[in-house]
Amino acid sequence: MNVFVTGGAGYIGSICVEELLNAGCHVTVYDNLTEGHRSAVDRRAAFVHGCLSDRPKLEQAIQGAEVEAVMHFAANALVGESMTNPGKYFRNNVASGLNLLDAAVAARVKKFVFSSTCATYGPPDRVPMTEDLPQKPINPYGESKLMFERILQWYEQIHGLEFIAFRYFNAAGASEQFGEHHRIETHLIPNVLRVALGQMPEIQIFGTDYPTPDGTCIRDYIHIKDLAQAHIAGLQPGKRGFYNLGNGDGYSVREVIQMCEEITGRKIPAVEKPRRPGDPPRLVAAADKAFKDLHWNPQYPKLRDIVATAWAWHQKHPHGYPD
Ligand code: UFG
């Protein structure tokens with residue numbers, strides 16, 4: 001199968017590309033490298049350096065690659081940044097994403113796989129969270145992804161472009177070769193590991209007065225390779241609609257720090273800070289729909305294994321990718 005992967009030089013995209021290639025697919029990566037890294041693109045993949053906003057280039061790249069499926073990872077994905085610069089999120093995640101959808105329709109692509117997020121739900125009425133919960137995002141990032149989800153439904157109905165959208169919980173961990181390197185790192189696990197590597201003096205805990213047992217936010221961490229496997233399962237014709245991807249276990253910020261101390265064997269100093277705007281207190285998935293419909297079977301459900309693979313990668317690449 002020929003798969004066109006936007007954002008294939010980014011964290012989640014790069015590891016999905018690796019797994020697609022391992023599964024025998026032909027892959028073309030389309031990425032503007034603002035967030036991604038050229039050296040994060042598996043050597044077996046074709047690479048086109050381009051922006052989603054450059055519609056002629058995008059159309060040419062899709063037509064040229066005889067694409068059967070598109071996987072769309074290219075997006076801005078920082079909750080905090082979206083609270084200060086919402087325009088960036090609506091422009092890049094929605095408006096530029098539309099160019100991709102139109103190019104996919106024009107090229108008669110059969111399947112569209114979308115990287116969505118549990119941030120589309122906002123603070124949930126109940127956890128674990130099923131796909132039928134109301135979607136009431138509390139930040140522009142979640143709103144932008146929800147808008148794109150809705151557009152996908154219309155494109156499927158009107159243009160017959162079958163889609164599957166995965167609402168990720170907190171992607172974490174690494175493969176042997178590829179891992180998490182954001183130029184500006186805001187995510188919990190890589191930042192905690194930077195403290196363990198001696199690159200930061202301490203980890204900041206954003207909010208200790210949440211209505212959770214230890215007062216810090218709870219998240220459901222899901223291994224990046226398990227995410228990738230769900231995407232591959234979603235390529236099958238007829239697999240469509242919305243799926244949560246998470247393990248169903250919630251860990252608080254303090255628990256994550258403690259696990260990182262255990263895995264690294266290093267003391268990780270922490271300081272308590274005020275809440276970060278836009279953070280829901282508790283996000284935990286019910287992924288039964290993916291287990292049942294896609295026969296999705298996560299191989300690394302334990303936080304210990306997730307952190308261990310991340311730590312192995314960060315030790316091998318203490319400064320991330322060279323580019
Ligand atoms: N946190 C800290 N200190 C840090 C970094 C994070 O206390 O240095 C806290 C955050 O406040 C939050 C938790 O750790 O409570 C997790 O934060 P991350 O930034 O790692 O992840 P988020 O939950 O904010 O967001 C991530 C992705 C989003 C996705 C979301 C779904 O970045 O794209 O998970 O939960 F939508």
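Order of appearance sets the numbers: ligands from 1, and atoms from 1 within every ligand.
- Side-chain atoms of Asn139 come within 3.5 Å of backbone N or O of Gly278 as a donor-acceptor pair.
- The environment of CD1 in Ile184 is sparse: at most 12 heavy-atom neighbours from other residues, nucleotides or ligands sit within 6.0 Å.
- Of all heavy-atom pairs spanning His319 and His181, the tightest one is O-CE1, 3.8 Å.
- When each of Glu162, Glu156, Glu68 is checked for a salt bridge (Lys or Arg N to Asp or Glu O under 4.0 Å) with Lys111, only Glu162 meets the rule.
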For ligand 1, which of its N or O atoms have a protein N or O partner closer than 3.5 Å, and how long is each gap?
unit_1   : atom_1 : unit_2 : atom_2 : d
ligand 1 : 3 (N)  : Gln204 : O      : 2.7
ligand 1 : 7 (O)  : Gln204 : O      : 3.3
ligand 1 : 7 (O)  : Phe206 : N      : 2.9
ligand 1 : 11 (O) : Asp279 : OD2    : 2.6
ligand 1 : 17 (O) : Arg276 : NH2    : 3.4
ligand 1 : 19 (O) : Arg276 : NH1    : 3.4
ligand 1 : 19 (O) : Arg276 : NH2    : 3.0
ligand 1 : 20 (O) : Leu188 : N      : 2.8
ligand 1 : 21 (O) : Asn170 : ND2    : 3.1
ligand 1 : 23 (O) : Asn170 : ND2    : 2.9
ligand 1 : 23 (O) : Arg219 : NE     : 2.7
ligand 1 : 24 (O) : Arg276 : NH2    : 2.7
ligand 1 : 32 (O) : Ala77  : O      : 3.4
ligand 1 : 32 (O) : His187 : NE2    : 2.7
ligand 1 : 33 (O) : Ala77  : O      : 3.2
ligand 1 : 33 (O) : Tyr141 : OH     : 3.1
ligand 1 : 34 (O) : Asn170 : OD1    : 3.4
ligand 1 : 34 (O) : Asn170 : ND2    : 3.2
ligand 1 : 35 (O) : Asn170 : OD1    : 2.7

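- In the displayed structure, Lys302 atom NZ is contacted under 6.0 Å by at most 12 heavy atoms of other residues, nucleotides or ligands.
- Under the 4.5 Å side-chain contact rule for hydrophobic residues, Tyr243 and Ile151 do not share a cluster.
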